[in-house]
Amino acid sequence: MPEFAVEIEDLEVVRGGNPVIRSMSLEVGAGTITGLLGPSGCGKTTLMRSIVGAQIVAGGRIRVLGRAAGSQDLRSTVGYVTQAPSVYGDLTVRENLEYFGRVVGVGDDRVSETVSLVGLEDHFDRLVSSLSGGETARVSLASALLNRPRLLVLDEPTVGLDPVLRAELWRDFRELADGGVTLLVSSHVMDEAGECDDLLLMREGRLLRHCAPDALRRETGEEDLGRAFLEVIERTGGS
Amino acid sequence: MSPRITLATGGRVLRQIRHDPRTIALLLAVPALLLTLMRFVFDGQEQVFQSIGAPLCGLFPFIVMFLVSSITMLRERTTGTLERLMTLPMSKLDLLLGYGLAFGALAAAQAIVVCLVGFGLLGLVAPHGVLLVGALAILNALLGMALGLLLSAFARTEFQAVQFMPAFIFPQLLLCGLFVARADMAPLLEAVSWLLPFTYAYDALERAVSPAALGAAILVDVLVVIGTTIGALALGALTLKRRTP
């Protein structure tokens, strides 16, 4: 396995004439959970879309698992969960997962396995449109877990979930990482940052810091990661 | 492209519709009811009913599948499922052919009901066989679907997509020759009618329900319908983007 699951050099993304990502370079260590943090609108989603190859980029180079981002053989090894759950509301949980399972080439036994993984076995035959927001988000997550991707890109996976469920999901993420999966997880909830091995702090399309949570605490002298982030912004001349 | 993914996609679209029994009932019943209505609007004018009602049996699926497929694809675009599918090992052809399978099957069901009612109960005649009308109905439905998939790329909302029906289908319905012979139209309109795919769909049906020998002209019609379907699907594939701005 390569040392880095994602390597980015001088990435530039322009959307609607505005620069959204500006000369960004970073690496994501293989088998780690990396948290992508920053205020809404700072370019987190655009960065994630660039990594999975769904974003037209203006410049720079992105290598994912040793290949150019978006190349065909990455489609079966990279899992991407968008912020809005992208599943079919007019199908049951089972029908959704069976369909995505057939597309990625896994059997129905893996579908049952995945549905237990996200704790939805009791809702297996319910229409997705009748589920709560958090349950729908877990159907979307399960769809991305079906073929055991080596890199999982998760855009705000815990938004709108109750604290118990959030803790459960982070346990799942840790288990996946222990099994060798690399996770890139975006969040604007700073108390989730402590669960990550590594943090990427973004603001206005730029990478402010790339370090472990403890290093951020040491650097700023703040125990609370939320305050530590604010401290970093102040030091880098932010408003 | 993979037959496994194509079949799974067709099955998925049919399952989505199956969860909506009211839509199925409307799909199957409305054309037959409209045809029945028309029979009594033209009460005692069998010839007029035959010349309009019989071709309509094969044109309903075109109109309905245009609408249903454009909205299904628009939903796929707006809910993010299309973006998900485009990050998976799936080719665009799998998606388009899957839609074709699903809507072809739906069109067949619709054609069976409307043909049974029209040719079985209401006294319409098909001198060259009802099967020919049914087969043309399915081809027309696939053409309607291909155009619907293509046009869905130009709609942002379902309100817009619904307006495409009066905007793109009604003019073709007026110009195809169903209500007024094309030769009797203003010369410019007749010229325009040659460029519209619906004209060929109607022309084939008109020949299929007239007693005259079929000849080669119906073959030309069918080839134009199939060619336009393939062309629209190819253009539709171009609107499915893996990378977006």
Side-chain angles (χ1 to χ4, degrees), chain A residues 13-18 20 46 48-58 69-92 94-106 126-130 136 140 143-144 146-147 149 153 155, chain B residues 1-24 26-27 68-69 71-99 101-102 106 156 158 238-245:
Chain A
V13 179
V14 178
R15 296 185 74 186
N18 302 312
V20 182
T46 305
M48 295 187 134
R49 282 171 43 83
S50 306
I51 291 171
V52 300
Q55 177 70 47
I56 296 175
V57 303
S71 47
Q72 200 174 339
D73 25 344
L74 286 177
R75 285 185 210 141
S76 40
T77 48
V78 177
Y80 174 42
V81 181
T82 50
Q83 198 172 337
S86 45
V87 287
Y88 299 99
D90 47 2
L91 291 181
T92 64
R94 184 193 300 273
E95 288 166 337
N96 264 287
L97 295 181
E98 281 177 358
Y99 173 56
F100 290 120
R102 292 212 174 97
V103 172
V104 298
V106 301
R126 276 183 57 189
L127 277 182
V128 167
S129 57
S130 73
T136 311
S140 195
S143 311
L146 283 167
N147 61 338
V153 179
D155 199 352
Chain B
M1 122 167 233
S2 117
R4 180 193 79 227
I5 300 178
T6 306
L7 281 173
T9 303
R12 184 263 296 174
V13 173
L14 285 177
R15 254 173 228 117
Q16 285 181 285
I17 293 170
R18 200 185 61 196
H19 283 294
D20 188 355
R22 198 173 302 175
T23 292
I24 299 178
L26 288 169
L27 278 175
V68 178
S69 66
I71 293 201
T72 311
M73 181 54 92
L74 182 71
R75 278 192 196 155
E76 194 111 66
R77 288 176 198 275
T78 51
T79 58
T81 50
L82 180 66
E83 185 173 68
R84 183 196 283 275
L85 292 177
M86 291 289 101
T87 64
L88 296 179
M90 170 189 231
S91 83
K92 297 171 184 176
L93 209 58
D94 288 323
L95 185 63
L96 294 172
L97 292 182
Y99 267 77
L101 285 179
L106 219 53
R156 290 267 172 108
E158 292 185 13
L238 292 179
T239 70
L240 303 174
K241 297 256 196 294
R242 289 199 194 266
R243 278 182 193 270
T244 51

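Note that this is a predicted model, so its numbers are computed, not measured. Throughout, protein chains are lettered first and strands after them, A, B, ... in sequence-line order, and every chain is numbered starting at 1.
Between chain A and the options B/Thr6, B/Asp94, B/Ile17, B/Leu85, heavy-atom pairs under 4.5 Å are most frequent for B/Leu85. Among the candidates A/Leu127, A/Thr82, A/Val52, the residue making the largest number of heavy-atom pairs closer than 4.5 Å to chain B is A/Leu127. Heavy-atom pairs under 4.5 Å with chain A were tallied for B/Thr244, B/Thr87, B/Leu88, B/Leu82; the largest tally goes to B/Thr244. Among B/Pro245, B/Ala8, B/Gly11, the residue making the largest number of heavy-atom pairs under 4.5 Å with chain A is B/Pro245. Residue with the most contacts toward chain B among A/Ala58, A/Gly70, A/Ser76, A/Ser143: A/Ser143 (heavy-atom pairs, distance under 4.5 Å).
A 6.0 Å sphere centred on CD of B/Glu158 holds more than 12 heavy atoms belonging to other residues, nucleotides or ligands.
With a 4.5 angstrom heavy-atom cutoff, B/Thr9 touches chain A via backbone and side-chain atoms both. When heavy atoms are compared at a cutoff of 4.5 Å, B/Glu83 approaches chain A solely by way of its side chain, counted from C-beta outward. Only the side chain of A/Arg15 has a heavy atom closer than 4.5 Å to any heavy atom of chain B. Neither the backbone nor the side chain of B/Leu7 has a heavy atom closer than 4.5 Å to any heavy atom of chain A. Contact annotation for A/Glu95: only side-chain heavy atoms (C-beta onward) come within less than 4.5 Å of a heavy atom of chain B. Contact of A/Thr46 with chain B is not made at all, since no heavy-atom distance falls under 4.5 Å. Within the 4.5 angstrom heavy-atom criterion, atoms from both the backbone and the side chain of B/Arg12 approach chain A.
Considering only residues two or more places apart in sequence or on other chains, B/Arg84 meets the salt bridge (charged side-chain N to carboxylate O under 4.0 Å, His left out) condition with none of them. Judged as a side-chain hydrogen bond (donor to acceptor under 3.5 Å, both in side chains), and not counting sequence neighbours, A/Asn147 has no contacts.
The main-chain N or O of B/Arg4 is never found under 3.5 Å from a side-chain atom of A/Arg102 such that the two would form a donor-acceptor pair.
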Original post:
Passes side-chain contact (heavy atoms from CB on, under 4.5 Å), B/Glu76 versus B/Val13? Steps please.
Top reply: CA-CA 11 Å; B/Glu76 194 111 66; B/Val13 173; 5.7 Å; no
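B/Ile5 CD1 to B/Leu95 CG: the interatomic distance, rounded to the nearest 0.5 Å, is 10.5 Å.
Counting heavy atoms from C-beta on, the side chains of B/Lys92 and B/Met86 come closer than 4.5 Å.
Across B/Gln16, B/Arg15, B/Arg18, a single residue satisfies side chain to side chain donor-acceptor pair (under 3.5 Å) together with A/Asp90, and that is B/Gln16.
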